[in-house]
Amino acid sequence: MDWKRKHLLGLEELEVEEIEHILDTTDSFREISTRAIKKVPTLRGKTIVNLFFEPSTRTRTSFELAAKRLSADTVSISAQTSSVVKGETLKDTARNIEAMQIDAIIMRHSMSGAPHFLSRCVKASVINAGDGCHEHPTQGLLDIFTMREKKGSIKGLKVAIVGDIAHSRVARSNIWGLKKLGAEVIVVAPPTLIPMGIEEMGVKVCFSLDEVIGKVDVLNILRIQLERQKCGLFPSIREYSRLYGVTVDRLKKAKKDILVMHPGPVNLGVEMAAEVANDPRTVILEQVTNGVAIRMAVLYLLLQ
Ligand code: CP
């Protein structure tokens with residue numbers, strides 16, 4: 001297809017063909033990271049800025065590696081060591097960075113919609129690396145890529161997204177992408193962690209993991225985001241873990257070929273037992289590997 005989009009802000013706005021094109025393009029970039037010399041000249045001369053206002057290990061590192069493997073120059077800026085701490089606004093920060101002739105800004109921010117705002121302030125491409133509780137499009141894409149790789153097709157797949165749905169940008173990007181590609185999505189959590197009106201996104205809601213675990217092809221397990229919860233939304237971590245933690249015993253009730261996923265970072269012993277993290281059906285590190293290829297594909301499509 002003829003790619004026209006300049007920014008990647010969320011999966012809500014992407015057409016099915018665009019999502020499939022990113023996934024197909026990722027297939028061709030994955031092999032580069034397995035070579036002895038992991039570099040191609042595709043984006044030579046382009047400059048990409050990582051602008052992160054929240055902590056990150058996977059997203060920030062894999063965007064940087066993706067850019068370097070495509071021969072782009074990269075700069076990483078964290079809000080804590082920038083002039084943001086002196087009171088400089090997001091708009092001024094971005095426009096000053098852009099004045100240094102850069103081509104793309106990859107941004108993570110605690111405010112939903114911050115990358116959308118930025119895309120209206122600068123001429124560079126803007127990529128959303130996670131905005132508040134709203135979207136994390138490249139995580140959604142790498143999750144869907146991993147499901148497609150392992151299960152062959154997304155259409156008809158039954159996916160349970162388990163945990164802190166209310167605060168999860170990963171859940172929202174997964175839901176948009178999976179529903180567009182024809183999956184059945186069930187969100188599983190205590191009522192206090194299910195946002196009002198989530199059914200309007202086309203998902204089913206279930207409050208019991210035990211009811212669902214034997215019926216689904218994929219479990220995508222989310223981290224409990226205590227840093228975003230303004231008050232206690234469940235009695236205790238122990239209580240949450242007892243009802244929603246994926247344990248070895250619970251996994252025995254699942255289909256034999258279930259795929260177990262987690263975007264990371266994992267709270268071991270809370271949402272997932274250590275033994276489950278090490279189960280051969282759990283693909284957390286393969287998700288991370290695929291994240292580099294997804295981000296190479298996204299950078300290539302936006303900046304070519
Ligand atoms: N999955 C994810 O976004 O991880 P980081 O917060 O480490 O980037």
Side-chain angles (χ1 to χ4, degrees), residues 8-12 22 26 33 48-69 74-81 104-115 126-147 149 159 161-178 187 193 218-229 246 259-268 270-272 276-277 282-299:
L8 178 66
L9 302 175
L11 296 196
E12 179 178 5
I22 296 171
T26 301
S33 294
I48 297 169
V49 175
N50 261 326
L51 179 59
F52 276 58
F53 290 82
E54 284 192 328
S56 168
T57 298
R58 281 146 289 269
T59 311
R60 183 167 161 166
T61 310
S62 67
F63 263 121
E64 189 153 350
L65 286 175
K68 286 185 191 312
R69 286 178 190 175
T74 62
V75 180
S76 270
I77 302 170
S78 72
Q80 293 86 346
T81 54
I105 299 176
I106 299 160
M107 189 175 72
R108 173 169 287 189
H109 201 282
S110 59
M111 296 298 291
S112 298
V126 175
I127 300 174
N128 180 2
D131 62 324
C133 305
H134 179 224
E135 279 225 42
H136 189 347
T138 55
Q139 181 70 46
L141 288 165
L142 76 89
D143 289 346
I144 293 167
F145 181 86
T146 307
M147 291 179 212
E149 179 191 28
V159 181
I161 305 176
V162 184
D164 192 351
I165 312 294
H167 300 96
S168 179
R169 51 199 179 203
V170 175
R172 280 172 190 74
S173 288
N174 265 261
I175 292 168
W176 284 120
L178 287 167
V187 293
L193 293 181
V218 181
L219 276 182
N220 200 356
I221 304 161
L222 304 173
R223 182 174 69 88
I224 290 291
Q225 299 192 45
L226 291 173
E227 75 276 19
R228 295 193 207 278
Q229 296 185 15
V246 181
L259 195 63
V260 181
M261 306 176 70
H262 193 304
V266 181
N267 293 310
L268 284 176
V270 179
E271 61 257 8
M272 178 187 282
V276 174
T282 302
V283 292
I284 297 170
L285 293 180
E286 288 174 67
Q287 290 172 256
V288 175
T289 302
N290 289 337
V292 177
I294 279 283
R295 288 164 181 134
M296 287 172 86
V298 166
L299 291 172

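Count residues from 1 along the sequence. When a ligand or atom number is given, it counts from 1 through the structure's own listing order.
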S.K.: Any Lys/Arg nitrogen of E64 or K68 sitting under 4.0 Å from an Asp/Glu carboxylate oxygen of the other?
M.R.: yes

S.K.: Determine yes or no for a side-chain-to-main-chain donor-acceptor pair under 3.5 angstrom, with R172 supplying the side chain and I165 the backbone.
M.R.: yes

S.K.: Using a 4.5 Å cut-off on heavy atoms from C-beta on, say whether the side chain of I106 contacts that of T138.
M.R.: no

S.K.: Heavy atoms under 4.0 Å from ligand 1: which residues qualify?
M.R.: S56, T57, R58, T59, R108, H136, Q139, P263, G264

S.K.: To check you understand the geometry: which heavy-atom pair defines the closest contact between N174 and M147, and what is its length?
M.R.: OD1-CE, 3.6 Å

S.K.: Taking E271 for the side chain and G163 for the main chain, is one N or O donor matched with an acceptor at less than 3.5 Å?
M.R.: no

S.K.: Taking only residues two or more places apart in sequence, or in another chain, which ones meet H136 in a side-chain hydrogen bond (donor to acceptor under 3.5 Å, both in side chains)?
M.R.: T59, R108

